[in-house]
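Keep in mind that what you see is a predicted model, and the values were worked out from it rather than measured. Residue numbering restarts at 1 for every chain, and letters A, B, ... go by the order of the sequence lines.
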Amino acid sequence: NAGVTQTPKFQVLKTGQSMTLQCAQDMNHEYMSWYRQDPGMGLRLIHYSVGAGITDQGEVPNGYNVSRSTTEDFPLRLLSAAPSQTSVYFCASSYTWGRGNTEAFFGQGTRLTVV
Amino acid sequence: AQSVTQPDIHITVSEGASLELRCNYSYGATPYLFWYVQSPGQGLQLLLKYFSGDTLVQGIKGFEAEFKRSQSSFNLRKPSVHWSDAAEYFCAVGVGTGNQFYFGTGTSLTVIP
């Protein structure tokens, strides 16, 4: 049981390049989300998904696309990287049970530098 | 709109001393509240959570937190800090059935011998 797996762990991009950050979970969780972590700003929600085929925007969605074709995978795409997207990116999956009890599991992060 | 405030950017405590990290939230409905810990270069580990019931919740590593609705607070406490507790601590509120998380800016804890 691997939990939430993010790849790659590190990436350097040139301005204008595109790339996809991968996120996979093996816990059959309905909910998945992407966050970026910047110094002094905590984690901010980029996009989230409440199930396969359903995605929505979070706090800071500009410059990022997502899709959710399967329960397991939730890739984050940067179409044209900018230096402002230099950050550490975390993927999370979560589930809710009982009377609204919920728990989220985070991946180990992807450190992205855009030069 | 929901928001989470952690007023202390950095706290230094002596090993063995007590600890309280402050968290205030703004959210219109009953919140789901969480505390996470992050060691350098690592992901986030859940310390504890509140979603209903007893307002004093116990977590891992000897941490506890108290939900006070009247003060919109969810402060984290530990009676005796260990050197291994040095890390970054994040308070978060969960919305949308609790599965979208909004985080505070974090409190960095330094433990001195």
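No side-chain donor-acceptor contact under 3.5 Å links A:Glu30 to the backbone of A:Tyr95. Formation of a donor-acceptor pair under 3.5 Å by the A:Thr70 side chain with backbone atoms of A:Asp73 is found in this model. Using modelled atom types, no side-chain atom of B:Arg69 and backbone atom of B:Ser72 make a donor-acceptor pair closer than 3.5 Å.
In this structure, a donor-acceptor pair under 3.5 Å is absent between the side chains of B:Arg22 and B:Thr5.
In this structure, the portions of B:Leu44 lying under 4.5 Å from any heavy atom of chain A include both its backbone and its side chain. Neither the backbone nor the side chain of A:Phe105 comes within contact range of chain B, judged by heavy atoms closer than 4.5 Å. Only the side chain of A:Gln37 comes within contact range of chain B, with at least one heavy atom under 4.5 Å from a heavy atom of that chain. At a 4.5 Å heavy-atom cutoff, B:Tyr50 makes no contact with chain A through either its backbone or its side chain.
Between A:Phe106 and A:Phe90, the ring planes lie perpendicular to each other; the angle is over 60°, past the 30° to 60° tilted range.
Taking chain A as the reference chain and counting heavy-atom pairs below 4.5 Å, the highest number among B:Gln38, B:Gln6, B:Glu88, B:Gln45 is found for B:Gln38.
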